[in-house]
> 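A single structure is presented below for examination.
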Amino acid sequence: MTGTDQHASVRYLVDDVPVAVDFYTTHLGFQLRTNAGHAFADVVRGPLRLLLSGPASSGARATPQDATAPGHNRIHLTVDDLDAEIDRHRRAGLSFRSDVVSGPGGRQILLADPAGNLIELFQPAR
């Protein structure tokens, strides 16, 4: 791997690639890296490369039918101010899949992308 390609990559299966790209770039600070229309796109945020695979993509076609449902895993995004992020996303019309949960390591809440894939917004304990 070269220095510019040192990303941890996660593949999310999505119903609509352009809608997913808009969601991640508008609401979660990702930057578009590659766009192959409705089949595939990838977006990056820091060291995370998120592969957004539409139904026609090779990644989606290689996935067994019983493993295509979203929501079994999630990406984890650390935020500085969880309450401010919640307010910002609610003002944008987004809904959450959980309430805020607090533990010894910090606080978290789950957001879903348009296909139902989960995103954990996490604020570490101070």
> How about V43 and R49: do any of their side-chain heavy atoms sit closer than 4.5 Å?
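Contact flag for V43/R49 side chains = no.
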
> Do V100 and L121 share a hydrophobic cluster (ILVMFWY, side-chain heavy atoms under 4.5 Å, transitive)?
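Shared cluster, yes.
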
> How close do F40 and S53 get, counting heavy atoms only, and between which atoms?
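Between these two residues, the closest heavy atoms are CD1-OG, 3.9 Å.
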
> Same hydrophobic cluster for V101 and L77, using side-chain heavy-atom links shorter than 4.5 Å among ILVMFWY?
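Unlinked, V101 and L77 end up in two clusters.
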
> Are a donor atom and an acceptor atom from the side chains of D113 and Y12 found within less than 3.5 Å of each other?
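No - no donor-acceptor pair under 3.5 Å links their side chains.
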
> Above 12 or not: heavy atoms from other molecules or residues under 6.0 Å from CG of D81?
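For D81, atom CG is crowded (more than 12 foreign heavy atoms under 6.0 Å).
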
> Does the R90 side chain pair with the main chain of E85, one donor and one acceptor, at a distance under 3.5 Å?
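The answer is no, because no donor-acceptor pair under 3.5 Å joins these two groups.
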
> What is the distance from atom CD of Q123 to atom OG1 of T78, rounded to the nearest 0.5 Å?
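Output value for this atom pair is 10.0 Å.
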
> Quick check for you: to the nearest 0.5 Å, what is the distance between L51 atom CG and L13 atom CG?
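It comes to 10.0 Å.
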
> If you take all heavy atoms of R107 and D83, which pair is closest and at what distance?
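So the minimum-distance heavy-atom pair works out to NH2-OD1, 2.9 Å.
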
> Nearest 0.5 Å, please: how far is CD1 in I75 from CG in N117?
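Answer for the CG-CD1 pair, N117 versus I75, is 8.5 Å.
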
> Distance from L111 atom CG to L118 atom CG, nearest 0.5 Å?
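CG of L118 is found 8.5 Å from CG of L111.
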
> Is it possible for you to say whether L110 and V10 belong to one hydrophobic cluster, with membership spreading through side-chain heavy-atom contacts below 4.5 Å?
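No.
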
> Flag yes if more than 12 heavy atoms outside R97 fall under 6.0 Å of its CZ atom; otherwise flag no.
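No, not enclosed.
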
> Below 30° counts as parallel, above 60° as perpendicular, anything between as tilted: where do the rings of F122 and H76 land?
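The rings of F122 and H76 sit tilted, inter-plane angle from 30° to 60°.
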
> Is L94 reachable from F96 through a run of hydrophobic residues whose side-chain heavy atoms are each under 4.5 Å from the next?
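Yes, F96 and L94 fall within the same hydrophobic cluster.
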
> State, to 0.1 Å, how close R88 and T26 come at their nearest heavy-atom pair, and which atoms those are.
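Shortest heavy-atom separation between R88 and T26 comes out as NH1-O, 4.5 Å.
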
> Ignoring hydrogens and geometry, is there a side-chain-to-backbone donor-acceptor pair from D42 to T34 under 3.5 Å?
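Indeed, once roles are kept as given, a pair shorter than 3.5 Å links the two residues.
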
> Please report the interatomic distance CG(L52) to CZ(R33), rounded to the nearest 0.5 Å.
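Rounded to the nearest 0.5 Å, the CG-CZ separation comes to 12.5 Å.
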
